[in-house]
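Each remark here refers to the structure printed beneath this line.
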Amino acid sequence: MSSSKKIIKLFYDVISPYSWLAFEVLCRYRNVWNIDLKFKPAYLGGIIYGSDTLNAMRFVTAVAEREKEGDTLERVSIELWKRMWSTHQDITQPASLTEAGLKAGLSVNEVEEILTLSKSQPIKDKLRSVTQEALEYECFGLPFIVCHVNGKAEVFFGSDKFELMAYSFGEKWMGPYPNKPTATM
């Protein structure tokens, strides 16, 4: 196992089921590969036109800005993906965002604060800035993953590039569930 400093930036939008797959796998490998995983909520509509997740991604960005440490961003993102892709519920309206925030463990007051923050200019600017950061890496869709190993950046598009990522920084890819034994015949 490599001991070099590894930083992985995951640019994602909850409209993208492939972003969800990449998110889940990278979360599982965070400790296995000893990576510093940076979540970068971006607006897919700013990269490809046609999605309607602007309010949801502003909400997620507000969560990220409000809580610099902890797993709230992770929990809120998962709840929004579940609503969108498992239970086929809306993620664009404040009531839906409130329900997702509550399911993620936020209090009513915290959700109200985040909803208000999500409409603020600093949050709009932050989401625009992160989306622009992805575009500067020549991003053309999500998930878009930027791996930094000893200061050098390598980019990967899609949720099917983990084996290549592992190879690029000298780690072993053990499938999507690294802590599960593999079946043998």
Side-chain angles (χ1 to χ4, degrees), residues 8-33 35-48 50-131 133-134 139 141-145 158-160 162 175-180:
I8 294 181
K9 294 179 183 179
L10 172 63
F11 293 89
Y12 70 93
D13 187 330
V14 295
I15 192 71
S16 166
Y18 298 105
S19 288
W20 188 10
L21 293 172
F23 184 96
E24 292 287 340
V25 169
L26 288 173
C27 285
R28 291 180 200 135
Y29 273 87
R30 182 177 13 217
N31 294 326
V32 174
W33 288 344
I35 56 177
D36 184 5
L37 181 57
K38 306 284 188 191
F39 298 120
K40 306 292 274 184
Y43 178 48
L44 184 59
I47 295 167
I48 310 173
S51 71
D52 189 23
T53 61
L54 184 57
N55 287 339
M57 293 316 295
R58 284 180 179 163
F59 185 80
V60 173
T61 300
V63 170
E65 283 300 294
R66 186 177 163 276
E67 183 179 86
K68 299 293 184 185
E69 300 292 324
D71 64 351
T72 305
L73 175 59
E74 195 171 325
R75 291 192 325 264
V76 167
S77 296
I78 290 168
E79 285 304 322
L80 289 169
W81 269 309
K82 284 180 183 177
R83 291 181 74 72
M84 180 79 181
W85 298 105
S86 288
T87 59
H88 309 289
Q89 295 176 320
D90 174 72
I91 63 165
T92 64
Q93 298 302 311
S96 179
L97 297 172
T98 297
E99 190 174 322
L102 294 173
K103 281 190 157 196
L106 295 169
S107 70
V108 171
N109 289 342
E110 289 173 314
V111 171
E112 288 175 6
E113 178 186 319
I114 290 167
L115 282 170
T116 299
L117 185 60
S118 72
K119 296 173 187 159
S120 72
Q121 194 60 48
I123 292 302
K124 292 175 183 179
D125 292 344
K126 179 66 178 185
L127 181 57
R128 189 176 296 113
S129 168
V130 171
T131 302
E133 180 185 353
C139 176
L142 300 175
F144 193 77
I145 303 164
S159 58
D160 60 345
F162 301 110
Y177 292 95
N179 297 321
K180 258 189 175 175

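From a predicted model like this one, the values you see are computed outputs, not experimental measurements.
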Decide, yes or no, whether a salt bridge links Glu74 with Arg30 under the criterion of side-chain N to carboxylate O below 4.0 Å. yes

Any side-chain heavy-atom pair from Pro41 and Ser77 closer than 4.5 angstrom? no

Are side-chain heavy atoms of Phe11 and Glu133 found at a separation under 4.5 Å? yes

Quick check: do Tyr43 and Thr53 have side-chain heavy atoms less than 4.5 Å from each other? yes

Check the angle between the aromatic planes of Phe39 and Tyr12 and answer parallel, tilted or perpendicular using the 30° and 60° thresholds. perpendicular

Minimum side-chain heavy-atom gap Ile15-Met84 below 4.5 Å: yes

Over 12 non-hydrogen atoms of neighbours within 6.0 angstrom of NZ in Lys124: yes

Can you confirm whether Asn55 sits close enough to Ser118 that some side-chain heavy atom of one is under 4.5 Å from a side-chain heavy atom of the other? no

Would you please name every residue forming a side chain to side chain contact (heavy atoms under 4.5 Å, CB included) with Thr116, sequence neighbours left out? none

Look only at the side chain of Trp33 and the backbone of Leu26, and say whether a donor-acceptor pair between them is shorter than 3.5 Å. no

Within-4.5 Å side-chain heavy-atom neighbours: Arg28 and Val25: yes

Interatomic distance, Glu113 atom CD to Ser107 atom OG [nearest 0.5 angstrom]: 8.5 Å

At what distance, to the nearest 0.5 angstrom, does OG1 of Thr72 lie from CD1 of Ile114? 7.5 Å

Of the non-hydrogen atoms in Pro178 and Pro176, which two are nearest, and what is the gap between them? CD-O, 3.5 Å

Any side-chain donor paired with an acceptor under 3.5 Å for Thr92 and Asp90? yes

Main chain of Ala104, side chain of Glu79: is a donor-acceptor contact present, judged purely on distance under 3.5 Å? no

Return yes if some donor-acceptor pair links the side-chain N/O of Arg58 with the main-chain N/O of Lys119 below 3.5 Å, else return no. no

Quick check: closest heavy atoms across Leu10 and Ala22, and the distance to 0.1 Å? CD1-CB, 4.2 Å

Atom of Leu44, atom of Asp13 and distance for their closest heavy-atom approach: N-OD2, 2.8 Å

Minimum heavy-atom separation for Leu117 to Ala62, with atom names? CD2-O, 3.8 Å

Do Ile91 and Phe59 pass the side-chain contact (heavy atoms from CB on, under 4.5 Å) test, and can you show the C-alpha distance, the side-chain angles, and the key distance before you say yes or no? CA-CA 10 Å; Ile91 63 165; Phe59 185 80; over 6 Å; no

Find the distance between CD1 (Ile123) and OG1 (Thr61) and round it off to the nearest 0.5 Å. 6.5 Å

Check whether any side-chain heavy atom of Leu37 lies under 4.5 Å from a side-chain heavy atom of Tyr29, and answer yes or no. no

If you compare all heavy atoms of Val14 against all heavy atoms of Ala56, which two are closest, and at what distance to 0.1 Å? CG2-CB, 4.2 Å

Value rounded to 0.5 Å, distance of CG in Leu97 from CG in Leu106: 11.5 Å

Can you check whether Ser86's main-chain N or O pairs, donor with acceptor, with Trp81's side chain at less than 3.5 Å? no

How many angstroms lie between atom CZ of Arg75 and atom CG of Leu80, to the nearest 0.5 angstrom? 12.5 Å

Quick one: pull up CD in Glu110 and CZ in Arg66 and give me the separation to the nearest 0.5 Å. 4.5 Å

